[in-house]
Amino acid sequence: MARQQWSSGGLAVAVLAVLSSVLICSGHPVPGGLPLLPHFYGHACPQMEAIVGSLVAKAHAEDPRMAASLLRMHFHDCFVQGCDASVLLDADGSGRFVTEKRSNPNKDSLRGFEVIDEIKAALEHACPHTVSCADIVAVAARDSVVLTGGPGWEVPLGRRDSLTASLSGSNNLIPAPNDSLPTIIGKFANQGLDIVDLVALSGGHTIGDSRCVSFRQRLYGQNNNGQVDRTLNPAYAAELRGRCPRSGGDQNLFALDLVTQFRFDNQYYHNILAMNGLLSSDEILLTQSRETMDLVHRYAADQGLFFDHFAKSMVKMGNISPLTGSAGEIRHNCRRVNHF
């Protein structure tokens, strides 16, 4: 598909223009801690969001896949220990923890770390030891959605960075593409997120890619018996089989939204209704629950409603167990804690 080529400066202006007209205000209290506030850096680093926006726009102009990658990074961060940038940590050399980058959901697929590094370096130059990596990830996710045509929202800020990571948490808490719907609902509920949040946030799959290994069982059967998932459009399945063989090709990439891969819109829900949801976790929203099915129909019929719910659910997700006040730290380098 044709891609509009904008300069990074033009994209940054687009972010600011959209945000000025589509903001959802939110200053949310954090249980047991200080509240997150949209203007947390208003005095200490007023240029924070402009710097993040400019560098996200630059990365997006160089690689249209990056928007989805940064959005996914925020999701994978918040579902493990809360939104604390634990997902960015490399192994610390002390054996205290194993990096989450080695978990099944993240290994060979989570990307965008170099973009966060570039943003952090720019912010350390402008406002040393002030802006957390966790807040950078949250704002970068928002800007990525806006740059691809989605809604804007005010990001409550004031998160601090964790001192540790959790490989087991990353393996067990992040919803997997082959999880059953009750399992996915349970994983969302564990984070304080409800059915509306689940279906709305799943709409993030309107951009980005998935690997063959993540949906192969839909093409060849759970037991590799060659049976195509009955909830998958047979014509679509035949097309997917062309590049996702029964064995091999695990890392081959496929658009999560085969119609508007790089545009954030409600096409994802139309795909599900046509049995063209790529992942099992996408299509089961239509087939295994009347409540989720109703939301799929509503979002397919009303993009504005989807955008409104998605933005509110992103704020809610971004408020999962942040470290605030004196908890955690402000890392100097997002990949390691300060005392190493």
Q: Among L279, L278, D209, find the one that has a side chain to side chain contact (heavy atoms under 4.5 Å, CB included) with F254.
A: L278
Q.
With clusters defined by side-chain heavy atoms of hydrophobic residues (ILVMFWY) lying less than 4.5 Å apart, directly or transitively, does L71 cluster with I116?
A. yes
Q) When rounded to the nearest 0.5 angstrom, what is the spacing between CD1 in I119 and SG in C334? A) 9.0 Å
(Q) One pair to check against side chain to side chain contact (heavy atoms under 4.5 Å, CB included): Y268 and S202. What are the steps and the verdict? (A) CA-CA 9 Å; Y268 165 80; S202 294; 3.6 Å; yes
Q | Neighbour count >12 (heavy atoms, 6.0 Å) for atom CZ, R243 | A | yes
Q. Would C133 and K120 satisfy side chain to side chain contact (heavy atoms under 4.5 Å, CB included), going step by step from the backbone distance to the final call?
A. CA-CA 7 Å; C133 302; K120 179 60 173 174; 4.1 Å; yes
Q. Do L55 and V131 share a hydrophobic cluster, counting only Ile, Leu, Val, Met, Phe, Trp and Tyr and linking them when any side-chain heavy atoms are less than 4.5 Å apart?
A. yes
Q: Check the pair D294, R290 against salt bridge (charged side-chain N to carboxylate O under 4.0 Å, His left out), reporting the backbone distance first and the verdict last.
A: CA-CA 6 Å; D294 178 63; R290 183 171 296 278; over 6 Å; no
(Q) Quick check for you: to the nearest 0.5 Å, what is the distance between I136 atom CD1 and M73 atom CE? (A) 11.0 Å
Q. Within a strict 4.5 Å, meaning less than it, do heavy atoms of the P175 and F75 side chains meet?
A. yes
Q. Residues two or more places apart in sequence or in another chain: which of them pass side-chain contact (heavy atoms from CB on, under 4.5 Å) with T148?
A. H60, A67, I207, F264
Q: Share the residues that join V98 in a hydrophobic cluster, the rule being Ile, Leu, Val, Met, Phe, Trp or Tyr side chains under 4.5 Å apart at the heavy-atom level.
A: L167
Q.
I'd like to check the side-chain contact (heavy atoms from CB on, under 4.5 Å) partners of E239; sequence neighbours left out, ordered by chain and number.
A. Y236
Q: Verify, without hydrogens or angle tests, whether N171 (side chain) and N104 (backbone) share a donor-acceptor contact under 3.5 angstrom.
A: yes
Q. Does the side chain of S170 come under 3.5 Å of the side chain of R102 through a donor N or O and an acceptor N or O?
A. no
Q: Give a yes or no on whether the backbone of G152 and the side-chain of R142 come within a donor-acceptor separation of less than 3.5 Å.
A: no
Q. Taking the side chain as C-beta and beyond, is there a heavy-atom pair between H297 and L286 under 4.5 Å?
A. yes
Q) Less than 4.5 Å apart, any side-chain heavy atom of L323 and any of L163? A) no
Q: Answer yes or no: is there a donor N or O on one side and an acceptor on the other, between the side chain of K187 and the main chain of L173, under 3.5 Å?
A: no
(Q) Between R160 and S326, is the side chain to side chain donor-acceptor pair (under 3.5 Å) condition met? List the steps. (A) CA-CA 8 Å; R160 289 168 64 84; S326 60; over 6 Å; no
Q. Is the shortest heavy-atom distance from the side chain of L232 to the side chain of F215 under 4.5 Å?
A. no
Q. So, do E283 and I272 sit near enough that their side-chain heavy atoms are less than 4.5 Å apart?
A. yes
Q) Y299 vs H309 aromatic rings, parallel, tilted or perpendicular, using cut-offs 30° and 60°? A) perpendicular
Q. Do N338 side-chain atoms and I330 backbone N/O form a donor-acceptor pair below 3.5 Å?
A. yes
Q. In Å, rounded to the nearest 0.5 Å, how long is the span from CG of L240 to CG of N252?
A. 11.5 Å
Q | Modelled atom types, side-chain donor and acceptor of S69 and R111, under 3.5 Å | A | yes
Q) Does the distance from a Lys or Arg side-chain N to an Asp or Glu carboxylate O, for K316 and D194, drop under 4.0 Å? A) yes
Q. Would you find a donor on one side and an acceptor on the other, under 3.5 Å apart, between the side chain of D135 and the backbone of R159?
A. yes
Q: Check for a donor-acceptor pair, side chain of S321 on one end and backbone N or O of G82 on the other, with a separation under 3.5 Å.
A: no
**Q.** Contacts of R331 that satisfy side-chain hydrogen bond (donor to acceptor under 3.5 Å, both in side chains) - sequence neighbours left out
**A.** S162
(Q) Could you walk me through whether M317 and H74 satisfy the side chain to side chain contact (heavy atoms under 4.5 Å, CB included) test, starting with their C-alpha distance in whole Å, then the side-chain angles of each, then the deciding distance to 0.1 Å, before giving a yes or no? (A) CA-CA 9 Å; M317 184 185 77; H74 185 38; 3.6 Å; yes
Q: Say whether V155 and V87 are linked into one hydrophobic cluster, either directly or through other cluster members, by side-chain heavy-atom distances under 4.5 angstrom.
A: yes
Q: May I have the step-by-step check of side chain to side chain contact (heavy atoms under 4.5 Å, CB included) for Y220 and R241, ending in yes or no?
A: CA-CA 9 Å; Y220 303 101; R241 279 185 165 196; 3.5 Å; yes
Q.
With a 6.0 Å cut-off (strictly less than), is the heavy-atom count around CD of E291, excluding the residue itself, greater than 12?
A. no
Q: Would you mind checking if D90 and K101 are paired as a salt bridge, meaning a charged N to carboxylate O distance below 4.0 Å?
A: yes
Q. Residues two or more places apart in sequence or in another chain: which of them pass side-chain contact (heavy atoms from CB on, under 4.5 Å) with H270?
A. N266, Q267, A300
Q. Are V80 and I320 linked, directly or through other ILVMFWY residues, by side chains that come within less than 4.5 angstrom of each other?
A. yes
Q.
Among residues at least two apart in sequence or on other chains, which ones pass side-chain contact (heavy atoms from CB on, under 4.5 Å) with H129?
A. E124, H332
Q: Check whether any side-chain heavy atom of V56 sits under 4.5 Å from a side-chain heavy atom of S144, and report yes or no.
A: yes
Q: Could you tell me whether a side-chain N or O of T130 sits under 3.5 Å from a main-chain N or O of P128, the two making a donor and an acceptor?
A: yes
Q) If you measure from OG1 on T292 to CD1 on I195, what distance do you get to the nearest 0.5 Å? A) 6.5 Å
**Q.** Close side-chain approach of P151 to M314, heavy-atom, < 4.5 Å
**A.** no
Q | Joint cluster assignment, V213 & L256, ILVMFWY side-chain distance < 4.5 Å | A | no
Q.
With a 4.5 Å cut-off on side-chain heavy atoms, are E100 and L89 touching?
A. no
Q) Distance-only, no hydrogens or angles: does the D77 side chain make a donor-acceptor pair with backbone N or O of S86 under 3.5 Å? A) yes
(Q) For a quick check under 3.5 Å, do N178 and S280 share a side-chain donor-acceptor pair by atom type? (A) no
Q: Look only at the side chain of Y269 and the backbone of G203, and say whether a donor-acceptor pair between them is shorter than 3.5 Å.
A: yes
Q. Does any N or O in the side chain of N106 come within less than 3.5 Å of the main-chain N or O of S103, such that one atom is a donor and the other an acceptor?
A. no
